[in-house]
Amino acid sequence: MAARPYPFERPSALEIPAELGDLRREPVCPVTLPSGDTALMVTRYADVRKLLTDDRLSRNLARPGAARISKENRMFQDPRINPDPPEHTRVRRLVMKAFSAARVERLRPYIQGLVDDLLDKMAAAGGGRPVDLNEALAFPLPIQVICKLLGVPDADHDQLRGWTDAFLSVSRFSKEDIGRSMKEMNAYIARLVQAKRSAPGDDLISAMIRVRDEDDGALAEYELHWWCRLLLLVGYETTATQLGGGIALLLSHPEQLSALRADYGLIPQAVEETLRWKLVGSSVSMLRYVTEDIDMGGWTLPAGSSVIPAVDSANQDDSVFEHPGRFDISREQNAHLTFSLGAHFCVGAALARLQLQIATESLLRRFPDLKLHVPAEQLQRQPGALLEGFISIPVEW
């Protein structure tokens, strides 16, 4: 089978790629990544689920021969950091404390207050003119939430967004631009860690510093800086892209929107359905390396190969989801894999869900006549970006 270029093209910004409709006829197919490297894409839900919890599938893309996502950007490749257990598990335990269900729930009043304030500003900015939902709500909300958790000053939010764009660039920025942004980011992290050491607070970065300085080196200095950078860079853009895209998806399905407005108790199910749609982009970020042969029952993933457990394909598997190509907020059986599974299950899943639910319901209640300013098919994705975020989402009411 000839390798297909991946990520696949979308018919329009809110539609799933046509290839995902029949991809599962073969359990594995070769794909060509933006870097030009080849990987094996695993397509079926049961197989993807199995692989996500298999320790023989490594996230260490710094291994010799491992495929790259991008030619110009190393992204998550760092030979000084092992992103696999047991090393990964040590730090993950610490980070999970900040994202526990109880701590996330305590953030509910804070998040609701942020949303209300942003919607007040959105209402004032409207006045008959279209408003970009990205700039009004989708991005500022999760940036402020993750920065509060980590202890980042409010004044630094804007530069954080610029660094994130560079870090998550597949081909949008040059190698030189990416390198310059990462150098600036690393210098910022060093200053932030120094400031937290001098004046620690009730935040995650201060907690990680305490582990580094007081717990007999349980966290190496480079690990401390690396995790601070990673959490800052990826701690908000996934939620921002999902929030804006999810609302656009609802607005482009009037019958689903009407059902939700008639019963806001459907908000959790609506959010899960938008998550199944995997609006944050393809599964190219799930790229893994096979450390030893993996028998998949009738076929084998050979050691040394690079593999993508295709969550976007698994979420459209009709052996698990009835009428998977239908956007349906009343769907009750919705065990999507968007947040992954196992050791690499998204630590921020509970926080993301809370923000998505609060923001979606508050926005729709505040603006009962909200609609897209342009036809849904005219919305555009950001080319050359890992998360394929929306360039803008103009709305009116």
Do [X] and [Y] have a side chain donor and acceptor closer than 3.5 Å?
X	Y	result
Ser12	Glu15	yes
Asn334	Glu273	yes
Asn60	Ser58	no
Ser362	Gln112	yes

Stepwise salt bridge (Lys or Arg N to Asp or Glu O under 4.0 Å) check, Glu361 with Arg365 | CA-CA 6 Å; Glu361 180 172 356; Arg365 285 185 182 275; 2.8 Å; yes

Ion pair check, [X] and [Y], cut-off under 4.0 Å:
X	Y	value
Asp312	Lys278	no
Arg353	Glu272	yes
Arg161	Glu135	yes
Arg10	Glu388	yes
Asp318	Arg24	no
Asp47	Lys50	no
Glu221	Arg197	yes
Lys148	Asp203	no
Asp54	Arg56	yes

Check: [Y] main-chain N/O paired with [X] side-chain donor or acceptor under 3.5 Å:
X	Y	answer
Thr274	Val271	yes
Ser306	Ala39	no
Arg4	Ala2	no
Ser252	Leu249	yes
Ser392	Pro394	no
Ser206	Asp202	no
Asp132	Ile393	yes
Ser70	Glu72	yes
Glu223	Ala220	yes
Arg108	Val104	no

Between Leu379 and Ile391, is there a shared hydrophobic cluster once you connect ILVMFWY residues whose side-chain heavy atoms come closer than 4.5 Å?
->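 No, no single cluster joins them.
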
Taking a hydrophobic cluster as the set of Ile, Leu, Val, Met, Phe, Trp and Tyr residues connected by side-chain heavy atoms closer than 4.5 Å, whether directly or through intermediates, do Leu61 and Leu168 fall within one such cluster?
->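 In one cluster: yes.
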
[X] side chain near [Y] side chain, heavy-atom distance below 4.5 Å:
X	Y	result
Leu364	Tyr264	yes
Pro5	Val31	no
Leu119	Met122	yes
Gln316	Ile16	yes
Trp397	Lys371	no
Leu231	Leu204	yes
Ile308	Leu33	yes
Lys183	Asn186	no

Counting only heavy atoms not in [X], do more than 12 sit closer than 6.0 Å to its [atom1] atom?
X	atom1	answer
Asp22	CG	yes
Arg49	CZ	no
Gln194	CD	no
Asp295	CG	yes

Given Ser35 and Ile69, is the side-chain contact (heavy atoms from CB on, under 4.5 Å) satisfied, shown in steps?
-> CA-CA 5 Å; Ser35 63; Ile69 296 174; over 6 Å; no

Go through the steps to decide whether Leu250 and Ile329 satisfy the test side-chain contact (heavy atoms from CB on, under 4.5 Å), and finish with yes or no.
-> CA-CA 9 Å; Leu250 283 165; Ile329 67 168; 4.0 Å; yes

Validate the cation-pi geometry between Arg331 and Phe321: distance from NZ or CZ to the six-membered ring centre under 6.0 Å, angle to the ring axis within 45°.
->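 No, cation not above the ring by the 6.0 Å, 45° rule.
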
Nearest heavy atoms of Val290 and Leu301, plus distance in Å =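 Of all heavy-atom pairs spanning Val290 and Leu301, the closest is CG1-O, 3.8 Å.
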
Starting at [atom1] of [X], measure out to [atom2] of [Y] and round the result to the nearest 0.5 Å.
X	Y	atom1	atom2	answer
Cys29	Leu40	SG	CG	8.5 Å
Met185	Ile178	CE	CD1	14.5 Å
Leu251	Leu370	CG	CG	5.0 Å
Asp55	Glu292	CG	CD	9.5 Å

Those residues that, when tested against Ala359, pass side chain to side chain contact (heavy atoms under 4.5 Å, CB included) (two or more places apart) =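 Val115, Leu137, Leu141, Leu243.
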
Parallel, tilted or perpendicular, as decided by the 30° and 60° cut-offs, for the rings of Tyr6 and Phe8 |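 If you compare the ring of Phe8 with that of Tyr6, the planes turn out perpendicular.
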
Can you say whether the rings of Tyr188 and Trp163 are parallel (under 30°), tilted (30 to 60°) or perpendicular (over 60°)?
->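 Judged by the thresholds at 30° and 60°, the geometry between Tyr188 and Trp163 is tilted.
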
For Leu356, the option from Ile267, Ile247, Leu275 that meets side chain to side chain contact (heavy atoms under 4.5 Å, CB included) |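 Answer after filtering Ile267, Ile247, Leu275: Leu275.
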
Checking side chain to side chain contact (heavy atoms under 4.5 Å, CB included) against Leu232, which of Thr164, Ile189, Ile146 comes through?
->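 Single side chain to side chain contact (heavy atoms under 4.5 Å, CB included) partner of Leu232 among Thr164, Ile189, Ile146: Ile189.
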
Tell me, with the steps shown, if Val42 and Trp299 meet side-chain contact (heavy atoms from CB on, under 4.5 Å).
-> CA-CA 11 Å; Val42 178; Trp299 55 281; 4.1 Å; yes

Before giving the answer on side-chain contact (heavy atoms from CB on, under 4.5 Å), spell out for Arg366 and Asp120 the whole-Å C-alpha distance, their side-chain angles and the decisive distance to 0.1 Å.
-> CA-CA 9 Å; Arg366 179 68 179 270; Asp120 286 345; 2.8 Å; yes

